[in-house]
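Structure first, then comments.
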Amino acid sequence: MEIRGPCLLAGVESPTHEIRADADPSARSAKSIVITLANKHTFDRPVEILIHPSEPHMPHVLMEEGDMTPAEYERHLKGKNDFIKGTKKDPSAKKKVRNTSCRKRLNKDIPHHPVIMLNFCPDLRTVQPGLRTAQGEFIFLVERSRSMSADALLVILKSLMPACLFNIIGFGSTFKTLFPVSQAYCESLLIACQSIRRIRADMGSTNLLSPLKWLLRQPLHRGHPRLLFVLTAGAISSTGKVLELLRDHSCSTRCYSFGLGPNACRRLVRGLAAVSRGVSEFLEEGERLQPKVQSLKKAMAPVLSDVSVEWVFPESTEVLVSPVSSSCLFPGDRLVSYSVVCDTSLYLSNPRAVSLSQERGCWGVHSTLGSVHGQGDLDMGAACGSPRSPRALCRALVKGLRNNEPVQWEVTFDIHPLFRERESHEDADTDLWSETFHHLAAKALIQDLEQLAERECEIEHGNAQLAAGRPCPASGGLSSSFSSLWSENKTVSPIHAFFLSYPQVFGARASLCAHHPLQVSLQLACGAFLLNSAFCDAVNIPMEKLKWTSPFTCHRLSLSPSAEQDRAWDAEGGPELQGMLWATAVALAWLEHSSASYFIEWELVAAKASLWLSEQDFPQGSSLATVKAAAQQLFVLLRHWDENLEFNLLCYNPGSV
């Protein structure tokens with residue numbers, strides 16, 4: 001087996017067979033290598049070859065000739081009806097007719113033109129993850145034909161980061177959205193927490209196709225890759241169509257699917273994750289969803305969003321490009337882009353360089369040489385002339401956003417060899433491998449056309465096909481914005497609750513509040529906690545003891561109010577900030593001491609709280625280290641105050657999340 005790569009090969013290996021690798025003695029570089037099996041192949045398992053390129057994380061271009069030479073395509077074009085009819089009407093406008101005919105036929109004549117394939121796999125595994133800057137559009141699709149744990153959904157929702165957008169869609173025989181469009185996390189968290197508590201199973205049979213269509217029609221948000229979480233407990237209709245639809249949008253949408261209970265459709269749950277490069281999880285009857293929150297960590301991994309490719313060709317070319325929509329890349333993902341290039345230099349009277357990007361072909365876009373990003377150092381003669389010029393250099397620019405900052409990679413390539421005159425292929429044996437890139441490009445372009453046709457159909461028919469499942473618009477009021485999705489329940493108080501839970505969430509070891517339902521967290525969207533009576537009830541520590549052990553003077557003086565207390569408040573920046581600093585540190589210590597066995601469930605909560613603490617300016621005389629140490633000391637004192645308190649210490653570093 002011969003392996004030819006677009007760059008130098010650093011090595012090859014096989015995890016399945018013993019192999020011998022030999023380089024061609026006449027080769028000028030190690031871009032080509034021949035693999036031979038050391039032993040006779042027994043055909044009992046596949047042969048796997050791992051190829052290690054020397055530059056694995058740089059964009060690389062591969063090119064494939066068309067099945068016609070330029071002269072052959074000229075004869076082919078002249079024999080077509082549209083060209084014959086055009087020249088009969090105006091014999092003097094042959095060049096214009098050729099150009100028009102070539103443009104109209106570009107999508108039909110893909111096999112006849114050269115194809116350029118771009119491969120790019122950015123190195124995102126070495127990027128330092130930053131939870132504070134983690135962005136994404138988190139969409140929760142929750143089946144409402146069966147009972148669903150509100151606590152579990154709240155645990156997932158509360159683990160999101162402040163920079164995220166989110167929305168919740170309940171589906172059954174119809175579907176309803178919590179918000180008309182995805183909302184900023186900090187601004188809409190309270191509404192969502194109150195609404196989730198009112199969830200109930202009232203939507204009958206399960207139809208996932210309609211809400212998925214509605215969702216994928218919504219515009220993407222710049223810098224926020226779309227992350228879909230599907231929670232389902234039974235079989236759904238049109239599983240094949242659902243998987244096909246998500247596969248068509250997999251470049252921009254990643255799905256994390258959860259099958260709850262024995263009746264969950266395994267084909268659906270596994271398929272949703274497989275076609276979108278996500279993760280699937282199954283839970284047995286009675287198994288808790290909270291530990292599966294680790295999927296959120298994967299979704300918050302460093303990502304390259306809003307990825308697009310700008311192709312730079314000579315002005316005298318027509319180009320079909322795929323894909324035309326932006327995509328997002330997670331660690332290990334790769335970008336593949338195609339260009340079908342047609343030389344139109346014979347059909348242009350006055351070829352010229354154009355200063356702006358131009359729309360080309362049927363639905364592709366590319367730029368001309370010298371038009372953007374300081375490309376004047378390239379051969380402008382090639383830009384103004386033909387791709388058959390001796391130096392027809394072109395360029396592909398890969399652009400995207402990483403941590404909300406623009407990044408760019410580029411690769412140059414010469415298309416002159418693709419348009420040289422050569423021997424005809426008509427009488428030669430057909431080499432199937434010579435058409436590989438053409439087949440892949442055609443498949444990608446057909447998929448683009450299908451999506452374009454679908455969007456045009458929806459616009460033309462006014463989305464009539466979704467009328468039965470149209471989501472109810474919000475009327476702006478707090479109650480009406482979620483009453484259409486969730487049932488009424490007035491037992492939830494409108495406090496800054498991050499999520500509400502019960503003893504079974506953290507198990508019997510949460511012995512601080514074993515006698516009544518535990519309000520586990522009052523965490524704000526930013527990650528902080530407020531020092532108030534609700535917080536004292538949650539951690540089961542009297543306010544007096546919290547203030548007495550506080551590292552801030554204003555809290556201790558508040559136990560005996562005086563003018564000295566006012567001076568302490570002024571010196572330390574006011575009581576509210578000190579209260580948030582102290583309560584957040586205590587909350588972290590409380591989680592470590594009382595819920596160490598369930599670390600996997602509150603890891604993101606603790607990381608968010610720790611990040612908030614690390615970003616604050618502490619009053620003079622105190623620091624992050626002293627406040628955290630005081631919180632740890634609090635639980636040492638509590639152990640002496642109450643010998644029945646179970647003491648547990650967990651050493652972890654939220655910065656490593």
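Of the possible polar contacts, one joining the H224 side chain to the A163 backbone as a donor-acceptor pair under 3.5 Å is found. With hydrogens and angles ignored, the 3.5 Å screen pairs no side-chain donor or acceptor of N403 with any backbone N or O of E405. Between the T344 side chain and the S316 main chain, a donor and an acceptor come within less than 3.5 Å of each other. In this structure a side-chain-to-backbone donor-acceptor pair under 3.5 Å is present from E72 to T69. Side-chain N or O atoms of R270 include none that pairs as donor or acceptor with a backbone N or O of R267 at under 3.5 Å. Between the side chain of R226 and the backbone N or O of L215 there is at least one donor-acceptor pair closer than 3.5 Å. Using modelled atom types, no side-chain atom of E18 and backbone atom of L37 make a donor-acceptor pair closer than 3.5 Å. Judged purely by atom type and a 3.5 angstrom limit, T317 has no side-chain atom pairing as donor or acceptor with the backbone of F313. Although no hydrogens or angles enter the test, the distance criterion places no donor-acceptor pair under 3.5 Å between the side chain of H113 and the main chain of D67. A donor-acceptor pair under 3.5 Å is absent between the side-chain atoms of T16 and the main chain of V47, judged by distance alone.
Aromatic ring centroids of H17 and H41 lie under 6.0 Å apart.
The shortest side-chain heavy-atom distance between L62 and F437 falls under the 4.5 Å cut-off. Counting heavy atoms from C-beta on, the side chains of V321 and W311 come closer than 4.5 Å. You'll find the side chain of H60 reaches within 4.5 Å of the side chain of E55, heavy atoms only. You'll find the side chain of L50 reaches within 4.5 Å of the side chain of P15, heavy atoms only. Taking 4.5 Å as the limit, some side-chain heavy atom of L216 sits within range of a side-chain heavy atom of L245. For the pair V411/M58, no side-chain contact is recorded, criterion being any heavy-atom separation below 4.5 Å from C-beta on.
Under the salt bridge (charged side-chain N to carboxylate O under 4.0 Å, His left out) criterion, R105 pairs with D109, sequence neighbours left out.
Counting non-hydrogen atoms of neighbouring residues, nucleotides and ligands closer than 6.0 angstrom, the CD atom of E2 exceeds 12 such neighbours. The 12-atom threshold is exceeded at CZ of R45, counting heavy atoms of other residues, nucleotides or ligands nearer than 6.0 Å.
Contact record, S305 with G223: OG-CA, 3.6 Å, taken as the closest heavy-atom pair. Closest approach of P114 and L418 over heavy atoms only: CB-CD1, 3.7 Å. When all heavy atoms of V269 and S257 are compared, the pair lying nearest together is O-OG, 2.5 Å. For Y256 against A299, the heavy-atom pair with the smallest separation is OH-CA, 3.4 Å. Minimum heavy-atom separation, D333 to C328: OD2-O, 4.3 Å. When all heavy atoms of S322 and S337 are compared, the pair lying nearest together is O-OG, 3.1 Å.
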- [ ] Check the pair S182, E137 against side chain to side chain donor-acceptor pair (under 3.5 Å), reporting the backbone distance first and the verdict last.
- [x] CA-CA 7 Å; S182 297; E137 182 190 18; 2.6 Å; yes

- [ ] Assess whether side-chain contact (heavy atoms from CB on, under 4.5 Å) is satisfied between F413 and I116, documenting all intermediate values.
- [x] CA-CA 10 Å; F413 52 96; I116 317 293; 4.1 Å; yes

TODO: Take L228 and V230 through the test side-chain contact (heavy atoms from CB on, under 4.5 Å) and record every step on the way to the result.
DONE: CA-CA 6 Å; L228 179 61; V230 176; 3.9 Å; yes

- [ ] Applying side chain to side chain donor-acceptor pair (under 3.5 Å), run through H52 and E13 and close with a yes or a no.
- [x] CA-CA 8 Å; H52 300 278; E13 63 176 318; 2.9 Å; yes

Open item on the list: Run T239 and L208 through side-chain contact (heavy atoms from CB on, under 4.5 Å) and show every step you take.
Closed with: CA-CA 8 Å; T239 298; L208 181 57; over 6 Å; no

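For the pair R277 and F330, the cation does not sit on the ring face, since its NZ or CZ is not both under 6.0 Å from the ring centre and inside 45° of the axis.
In this pair, F229 and F138 present their aromatic rings parallel. The plane angle is below 30°, not in the 30 to 60° band.
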